[in-house]
Amino acid sequence: MSATEAPTSAAGGARPADGPPVVDVRDLRVTFATDGGDVQAVRGVDLQVRAGEVLAVVGESGSGKTVTARSILQLLPGTATTTGAVLLGRKDGSTTTDVVTVRGARLREVRGRDAAMVFQEPSSVLNPVFPVGWQIAEGLRAHGRLSRAQARAAAVDALRRVGIPDPEHRVDHYPHQFSGGQKQRIVIAQALVLDPGVIIADEPTTALDVTVQAEILDLLRRCRDEFGAAVVLITHNMGVVADLADRVAVMYAGEVVEQADVRTLFTAAQHPYTRALLEAVPRVGGTRLRQPVTTAPRPPAPAPAPGTATPDGTATPDRAAGTRPEAVVAARDLRITYPGRFRTPGFTAVNGVDLTIRPGEVLGLVGESGSGKTTIGRAIAGLTAVTGGSLQVLGTEMRGVRERRLRPVRRRIGFVFQDPATSFNPLLTIAQCVAEPLVVHGRARDLAGARARVDELLDAVQLPTAFGDRFPHELSGGQRQRASLARALALDPELLVADEPTSALDVSVQARVLDLFARLQRELGFACLFISHDLAVVDLLADRIAVLHRGRLVEEGTGDEVLGAPKDPYTQRLLASLPVPDPVEQAARREAWRALAATQA
């Protein structure tokens with residue numbers, strides 16, 4: 001698209017393109033010095049953003065989109081060398097600064113006042129030892145002479161503008177006293193308080209549930225429409241792009257391979273990479289990766305002979321003799337309460353839930369943060385105590401179960417964590433991490449004895465066996481998630497608990513991991529509890545879907561029943577909150593979401 005062509009908004013109307021750009025990136029090149037030689041992360045990028053416009057920069061991890069965005073404020077490490085020009089204009093048009101050439105006090109003046117950054121993870125940005133109001137006011141004090149009372153009043157006003165309830169009191173609260181979505185609002189308040197010309201939002205909704213995500217996207221839209229700020233949105237979620245962006249720049253291997261207004265990109269993408277990116281996006285009601293589960297029993301896993309002693313001294317169940325449970329998981333009136341501290345009442349995270357997972361079945365469990373999804377998954381794996389009702393897992397009652405009885409059950413359960421980077425020991429190689437369950441449960445004496453099985457597992461998850469000798473930080477996010485899946489399958493489990501296994505992955509990487517998951521599930525036949533807040537991903541994989549809301553099961557059924565014709569108002573709101581990769585359809589869905597939110601408030 002030419003520089004003079006008026007961009008089209010996601011809502012369908014032409015947005016004004018008058019006046020000079022507030023961000024003008026010209027032939028930007030960024031090179032990082034590493035022990036293995038120089039790495040060119042950005043190669044000759046040209047971008048422009050005007051006031052009141054949202055530019056989405058999309059691409060896979062490693063495409064250079066975040067490096068490009070951070071270059072606007074020169075938030076790059078000392079190993080980076082930047083050439084080209086990044087012209088940053090003041091909102092009133094009075095000055096323009098090439099941030100590549102300035103340093104020190106001048107650069108500090110530009111940061112916050114001319115451009116501000118909203119980072120992906122607010123918990124890593126907000127200081128846990130200071131009240132949020134003090135942290136918002138800090139930017140004001142750094143850029144102007146305000147009294148403490150004036151700065152506090154401005155912080156209260158900023159919190160009110162971003163939708164934090166009771167801002168006069170909550171201004172003195174600490175970050176841990178806010179939910180994830182509220183913390184993201186506070187970070188946006190920090191960005192807005194100095195009225196910058198451009199807000200750079202780096203994956204601002206990646207870790208958020210769809211309902212909270214919809215609220216944050218609405219807030220960013222207000223930043224554009226009410227405050228006149230330009231927004232540079234860095235994301236891999238194409239539904240978010242369709243919902244918010246006016247123009248889109250697609251990056252691949254450090255280069256911008258395509259730029260277009262949002263409608264043109266989604267309807268007539270030109271570059272093969274862009275088309276592949278759009279095809280990888282999961283859609284509710286699309287082609288499922290699995291056929292409906294059959295009632296045929298799962299073939300028995302390789303294990304010690306029935307009746308023989310296991311390494312911990314317990315007997316192996318005789319599956320052939322009919323002791324295998326009819327349901328792999330059966331919860332009846334399940335209740336899980338976390339005890340209170342300092343005479344405060346306990347918190348009931350799961351309240352009277354009934355659910356069943358049959359052999360070979362994938363049950364998708366969806367809901368917002370705090371709904372109880374992960375608590376149920378941890379209880380099934382024996383990591384959280386059951387306090388009421390009944391939870392039978394592989395024929396064992398988990399309420400009040402003793403460790404000796406639980407140990408042989410645990411070897412029949414695999415667990416895939418949301419973030420393998422934190423679940424892997426950084427001091428161990430991938431092979432040692434994958435071999436750990438085999439060693440712990442007595443299937444192998446050490447890594448050498450388990451290496452043949454480890455190589456088999458790495459091959460099954462489509463990782464080169466040579467990767468076993470690498471450390472977790474040497475793998476990409478998608479590769480680490482595959483290694484995490486290999487570790488979960490090491491003992492050939494009958495039940496797999498997958499807790500948000502693809503939430504942090506790019507759409508193309510996510511598509512490959514989901515294809516792999518579906519293939520392994522077909523081949524190995526394990527039952528699965530698949531926990532996610534992405535309804536489209538769950539619809540791809542699950543035989544049935546269960547919806548949790550504040551610890552209660554509000555709806556359950558097949559994907560066609562729950563997502564095609566939801567009956568519960570909460571499910572309806574959850575579905576309406578999910579952005580779809582179609583700007584026209586998403587504009588209509590956004591209005592439906594607002595109507596539902598208003599009627600159910």
From CA spacing to verdict: salt bridge (charged side-chain N to carboxylate O under 4.0 Å, His left out), E561, R544: CA-CA 9 Å; E561 293 168 345; R544 289 183 299 114; over 6 Å; no
Strictly distance-based, threshold 3.5 Å: is any side-chain N or O of [X] a donor or acceptor partner for the main-chain N or O of [Y]?
X    : Y    : value
T348 : V350 : no
N351 : G551 : no
S423 : F417 : no
Q481 : T502 : no
S577 : R573 : yes
Q392 : A331 : no

With a 4.0 Å cut-off, would you call [X] and [Y] a salt bridge?
X    : Y    : result
D455 : R453 : no
R407 : E403 : no
R552 : D568 : no

Atom of V547, atom of L574 and distance for their closest heavy-atom approach: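 Smallest interatomic distance, heavy atoms only, reads CG1-CD2, 4.3 Å.
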Q184 to V118 - nearest heavy-atom pair and separation: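 Shortest heavy-atom separation between Q184 and V118 comes out as OE1-CG1, 3.6 Å.
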Plane angle bin for F526 and F517 - parallel if under 30°, tilted between 30 and 60°, otherwise perpendicular: perpendicular
Close side-chain approach of R70 to T68, heavy-atom, < 4.5 Å: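 R70 vs T68: side chains apart.
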F32 side chain reached by P77 side chain, heavy atoms, under 4.5 Å: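 Yes; the side chains approach each other to less than 4.5 Å.
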Donor + acceptor pair across side chains of [X], [Y] (<3.5 Å):
X    : Y    : value
S390 : E397 : yes
T384 : T375 : no
E60  : H236 : no
D499 : T374 : yes
E500 : H533 : yes

Geometric cation-pi criterion, R470 with F467: 6.0 Å, 45°: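 Judged by the rule, R470 and F467 form a cation-pi pair.
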Euclidean distance, L406 CG relative to R404 CZ, rounded to 0.5 Å: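 Taking CZ in R404 and CG in L406, the distance rounds to 12.5 Å.
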From OH (Y273) to OH (Y252), nearest 0.5 Å: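 Result: 7.5 Å between the selected atoms.
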Greater than 12 external heavy atoms within 6.0 Å of F119's CZ: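 For F119, atom CZ is crowded (more than 12 foreign heavy atoms under 6.0 Å).
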